[in-house]
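Throughout, residue positions are numbered sequentially from 1 according to the sequence presented. Values below: every heavy atom of this structure, side chains too, minus hydrogens, waters and symmetry copies.
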Amino acid sequence: MADPKGFMTTPRQEWPRRPVEERVRDWDEVYVPGGLLPIISKQADRCMDCGVPFCHHACPLGNLIPEWNDLVSREDWRAASDRLHATNNFPEFTGRLCPAPCEAGCVLAINQPAVTIKNVECAIADRAWEEGFIPARPPDRLSGKTVAVIGSGPTGLAAAQQLTRAGHTVAVYEKDDRLGGLMRYGIPAFKMEKRHLERRLEQMRSEGTRFRTSVVVGRDVGGAELRGRYDAVVIATGATAWRELPVPGRELDGIHQAMEYLPLANRVCEGDLRVSPMSAAGKHVVIVGGGDTGADCLGTAVRDRAASVTQLDIYAQPGAERDDDTEPWPTYPKIYRLSAAHEEARDLGTAPAADADARLFAASTLRFSGDGGHVRSLHLVEVDERRQPVAGTERSLPADLVLLALGFSGPDRGDGLIDQLGLALDARGTIARDDGFATNVPGVFAAGDAARGQSLIVWAIAEGRAVAAAVDRYLTGASHLPAPIAPTDRPMRV
């Protein structure tokens, strides 16, 4: 603990964002380049080094947060990188994309603003790459065992890296033309530039992991065939079966799923397209769904130069402070948060009818209407705390483009993989597994959103690390790989 009074003398200061008018004109990350290093050591000083660090328990990776906070406060970046990478394969991803449940569990957060744990994590990872503290770690010898990992999202990549470093020969199969799963085509570049992903993939190639892109397992190669070719198979395909909105008018043109819209925008950034065929330019856009995916659509539509953008959230607007009765510390509270995209929409006035920034809270979609087969209006109603319509509150919004960001229900079965392997599903429609991540098919394991259900990137990486330990044990009889979580572990809740 470098400064015993740091949490009393230093106020919380976050990574500054670039001016709104500047950043909405490009797809670069929203933060000021280099803006963390001048402030981060003092921010790390705010860590209390408390006797029972609940930030550990709030993070499924079990990150050693007080340890690397202390090292950063002393500017020992190499040691901080070692402690950070001891529990997290990809801290530059989580430092940018995770909503930071660790900060909700920070002891300081009981009555003060939490330590900027997420910013410290990101600063360590970026400095480690700059200083060359993260060399490739190929295994000293090979085990002679082979593993196929299906899916190259954070779960699949974490599992593949752990198993490769343990000496197994690992091939990752990805249905898209580029690696990364939702990090590649679902997450906008203004939240995480793809150079971070490419750098980590190159490290994995140097360690010996093999990648097979544009291969749909179940269609291009049969599930049973793949199982017969490898000693073990890890299914990490994610929960990509999107939820629908079955209301009148859904069949009209111009109504799309968020994961139809976002990948096209990312392909524009990759140089595959000059203009997205779903571009929001000049259109009145309504986003149905109040979560992070909806916010990603919001920031993308703003950069597309939409005429207006409104986001609907079926929940009431939360308060600015934690409700200690319903969501006591150290649980992750539902409070009013202003993402970079919402800040942009607020400052640019994209949604004149919104309650706050671009959001309409306690709003439920009744139907769509249009002309010529194309959507032109979204009709909504206010709802009470039981999500029941409030009489007399119906109204309509202009809508030339509607984006459905309603989450995901489980793995997509369209590729035939689940049926070909005869995998059992649980009551939620996700892949069933035992306490060792094993499915009902010998040698086949399931991890990440495909088995857990839709979750956070920290849980995805934790699942990848844990399933790697289970596969290593299956192949060799024992494993020294860390297993941070069990399949039954869940976030802290009341």
Check this for me, if you would: do Glu14 and Arg12 make a salt bridge, where the nitrogen-to-carboxylate-oxygen distance has to be below 4.0 angstrom?
yes
Measure the spacing between CZ of Arg305 and OG of Ser279 and express it to the nearest 0.5 Å.
10.5 Å
Aromatic Phe190 / basic Arg303 pairing, under 6.0 angstrom, 45° off normal
yes
Whether Glu103 and Lys118 form a salt bridge (side-chain N of Lys/Arg under 4.0 Å from carboxylate O of Asp/Glu) is what I want to check.
no
Separation between CZ (Arg413) and CD1 (Ile431), nearest 0.5 Å, reads 9.5 Å
For Pro60 and Ile485, the nearest pair of non-hydrogen atoms, with its separation, is O-CG2, 3.4 Å
Is a salt bridge present between Asp176 and Arg184, judged by a nitrogen-to-oxygen distance below 4.0 Å?
no
Check whether Phe368 forms a cation-pi arrangement with Arg250 (NZ or CZ under 6.0 Å from the six-membered ring centre, at most 45° off the ring normal).
no
Can you name the closest pair of heavy atoms from Met278 and Tyr261 and give their distance?
O-CE1, 3.4 Å
So that I can tick it off, tell me whether Glu202 and Arg199 are bridged by a salt bridge, with the cut-off set at under 4.0 angstrom between side-chain N and carboxylate O.
no
Can a salt bridge be assigned to the pair Asp272 and Arg178 using a cut-off of 4.0 Å between side-chain N and carboxylate O?
yes
Thinking salt bridges, do Glu92 and Arg200 make one under a 4.0 Å N-O criterion?
yes
Quick check against the 3.5 Å criterion: does Gln311 have a side-chain atom that pairs as donor or acceptor with the backbone of Arg359?
no
For atom CZ of Arg210, is the number of surrounding heavy atoms from other residues, nucleotides or ligands below 6.0 Å larger than 12?
no
Does the distance from a Lys or Arg side-chain N to an Asp or Glu carboxylate O, for Arg452 and Asp489, drop under 4.0 Å?
no
From Ile457 CD1 over to Arg96 CZ, what is the distance, rounded to the nearest 0.5 angstrom?
11.5 Å
For Tyr315, look at atom OH and say whether over 12 heavy atoms of other residues, nucleotides or ligands are found less than 6.0 Å away.
no
Could you check whether Arg23 pairs with Glu29 (Lys NZ or Arg NE/NH1/NH2 to Asp/Glu carboxylate O, under 4.0 Å)?
no
Strictly below 4.0 Å, N to O, side chains only: are Lys334 and Glu327 in salt-bridge contact?
no
Short N-O contact, Asp357 and Arg337, less than 4.0 angstrom
no
Decide, yes or no, whether a salt bridge links Arg212 with Asp220 under the criterion of side-chain N to carboxylate O below 4.0 Å.
no
Crowded around Asp412 CG? As in, over 12 foreign heavy atoms under 6.0 Å?
yes
